[in-house]
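Here's the structure we're looking at; comments come further down.
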Amino acid sequence: MTTATRAFALPAGLRLSEARRRVAQALEAAGVPDAALDARIFIEDATGLGAAALMAETPLDPAATATLEAWVARRLAGEPVFRIIGRREFWGLDLAVTPDVLDPRPDTETIVEAALRALGPRRTAPLRICDLGTGSGAILAALLSECRQARGWGVDRSRSACGVARHNLAGLGLDDRALVLQGSWGAALPEGGFDLVASNPPYIETAVIPTLATEVRDHDPALALDGGPDGLACYRLIAADLPRLLAPGGIAVLEVGAGQAAAVADLMRQAGLVEHDSRRDLGGHERAVLARRAG
C-alpha cells in the first residue's frame with residue numbers, strides 16, 4: 001500500500017450507500033487490505049449512526065463528508081483505521097486508542113480467553129488481577145468485565161498510556177475496581193499476592209522493527225514494540241519477578257510472538273513456576289503461555 005498522502009473528495013449530497021462504495025473503491029485501488037471493512041467503519045463513525053448507517057439511504061451531510069474525506073486521505077497515507085477513528089473494540093468493549101498506546105489486536109483476546117479458562121470457577125471469587133504493560137487497559141478491562149468480584153492493577157512505564165488506561169476503565173465503569181500505576185513492570189508493585197498476572201509485553205526484535213508494515217512501525221509506540229535484541233528482554237524481567245508477584249496457586253498468562261512460546265515457557269520454568277501450557281490464536285499460532293506458582 002502506498003504511504004504517499006493523497007487527496008480524496010466526495011461529491012456533495014451523496015447517499016450513504018454510494019459514499020461507502022466510493023470510499024471502498026478508493027481504498028481498494030490503493031491496495032488497502034480489507035478496504036470494504038474500512039469503508040464500513042468510516043461510514044458508521046463519520047455519520048454517528050453506527051450499524052444503522054448501512055441501512056440508511058439518506059444523503060451524507062457536509063460535516064460527515066468532510067470527516068470522511070480527511071479520514072480516507074489519512075488511511076491512504078498508511079495510518080491504521082482504528083487510530084484514525086480513535087477507538088477500537090476489544091472483547092466487546094469500546095476502548096479509546098491514542099498514539100501513546102498499542103492498538104489492541106484481536107489476537108490478544110487469546111490472553112483473556114486463556115486466563116478465564118485457567119481460572120475456571122475461581123473467576124467469580126474476589127480475585128486480585130495484575131496487567132503488566134497495560135497500555136490502553138484492554139486486557140485488564142476485559143478481565144474485570146468477566147471477573148465481577150475482582151480488583152485489578154495495571155502498570156505501564158508511559159505516563160500517557162496510564163492516562164489512556166484510566167480513561168478507558170472509567171468509561172467502562174470499572175475504575176472503582178482498578179488502579180493504574182506508572183512504573184517498570186512489577187517494580188511498581190511493592191507487594192504481590194496476585195491470583196492472576198497477565199501481560200502483552202514488547203516482543204519484536206530490535207533489528208526487525210524497521211522492516212515492519214507501516215501501520216505498525218510508524219503508528220504503534222516503539223516502547224510497546226521493542227523487545228530487545230532477541231525479543232525476550234521484557235520476558236526475562238517479568239518471569240524473574242513472577243514468584244514474588246503471584247500468590248500460591250496464582251496464574252501467569254503472557255502473550256508471545258511467533259516462535260517464542262518455548263523460550264518464554266523456559267524462562268517461567270527457570271523462575272520456579274509449574275504446570276506450563278500454551279494457547280493458540282485463531283490463526284493457529286501459539287499466542288499465550290501459561291504457568292502457575294506452586295501451592
Considering only heavy atoms from C-beta outward, does the side chain of [X] approach that of [Y] to under 4.5 Å?
| X | Y | answer |
| --- | --- | --- |
| Ile41 | Ile85 | yes |
| Cys130 | Leu189 | yes |
| Ser199 | Trp185 | yes |
| Ser145 | Leu93 | yes |
| Phe42 | Val81 | yes |
| Leu196 | Arg123 | no |
| Val97 | Phe82 | no |
| Leu102 | Leu225 | yes |

For the [atom1] atom of [X] and the [atom2] atom of [Y], what is their distance to the nearest 0.5 Å?
| X | Y | atom1 | atom2 | answer |
| --- | --- | --- | --- | --- |
| Leu60 | Thr65 | CG | OG1 | 3.5 Å |
| Leu245 | Arg128 | CG | CZ | 10.0 Å |
| Glu44 | Leu16 | CD | CG | 11.0 Å |
| Asp241 | Leu237 | CG | CG | 9.0 Å |
| Ile84 | Asp38 | CD1 | CG | 8.0 Å |
| Thr211 | Arg217 | OG1 | CZ | 8.5 Å |

Could you please spell out the steps behind the side chain to side chain contact (heavy atoms under 4.5 Å, CB included) verdict for Arg279 and Arg287?
CA-CA 6 Å; Arg279 293 285 185 274; Arg287 182 64 58 182; over 6 Å; no

I would like to know whether Leu119 and Cys147 meet side chain to side chain contact (heavy atoms under 4.5 Å, CB included); could you show each step before the answer?
CA-CA 10 Å; Leu119 287 171; Cys147 302; 4.1 Å; yes

Within the distance-only criterion (no hydrogens, no angle test), does the side chain of [X] pair as donor or acceptor with the backbone N or O of [Y] below 3.5 angstrom?
| X | Y | value |
| --- | --- | --- |
| Gln182 | Arg157 | yes |
| Asp156 | Gly135 | yes |
| Asn168 | Ser136 | yes |
| Arg293 | Leu246 | yes |
| Glu18 | Arg15 | no |
| Arg177 | Ala150 | yes |
| Arg20 | Ala39 | no |
| Glu286 | Ser278 | no |
| Glu79 | His219 | no |
| Arg40 | Ala24 | no |

Which residues pass the ring pair (Phe, Tyr, Trp, His ring centres under 6.0 Å) test with Tyr235, not counting sequence neighbours?
none

Please tell me whether Tyr203 and Val112 are part of a single hydrophobic cluster in this structure, the criterion being side-chain heavy atoms less than 4.5 Å apart.
no

Would Met268 and Val253 show up in the same hydrophobic cluster when neighbours are defined by side-chain heavy atoms closer than 4.5 Å?
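No, no single cluster joins them.
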
What do you reckon, is CD of Glu28 surrounded by more than 12 foreign heavy atoms closer than 6.0 Å?
no

Can you confirm whether more than 12 heavy atoms, excluding those of His276, are under 6.0 Å from its NE2 atom?
yes

Side chain to side chain contact (heavy atoms under 4.5 Å, CB included) evaluation trace for Arg236 with Asp230
CA-CA 11 Å; Arg236 293 187 180 92; Asp230 63 354; 2.5 Å; yes

Ion pair [X]/[Y], N-O distance below 4.0 Å:
| X | Y | answer |
| --- | --- | --- |
| Glu215 | Arg75 | yes |
| Arg117 | Asp277 | no |
| Asp103 | Arg83 | no |

Which atoms form the tightest heavy-atom contact between [X] and [Y], and what is the distance?
| X | Y | result |
| --- | --- | --- |
| Leu181 | Ala188 | CD1-O, 3.7 Å |
| Trp91 | Glu146 | NE1-OE2, 2.8 Å |
| Gln260 | Val256 | OE1-C, 3.7 Å |
| Pro202 | Cys234 | CD-SG, 3.8 Å |

Between Leu116 and Leu143, is the side chain to side chain contact (heavy atoms under 4.5 Å, CB included) condition met? List the steps.
CA-CA 8 Å; Leu116 294 174; Leu143 290 169; 4.2 Å; yes

Report yes or no: do Asp226 and Thr206 form a side-chain donor-acceptor pair below 3.5 Å?
yes

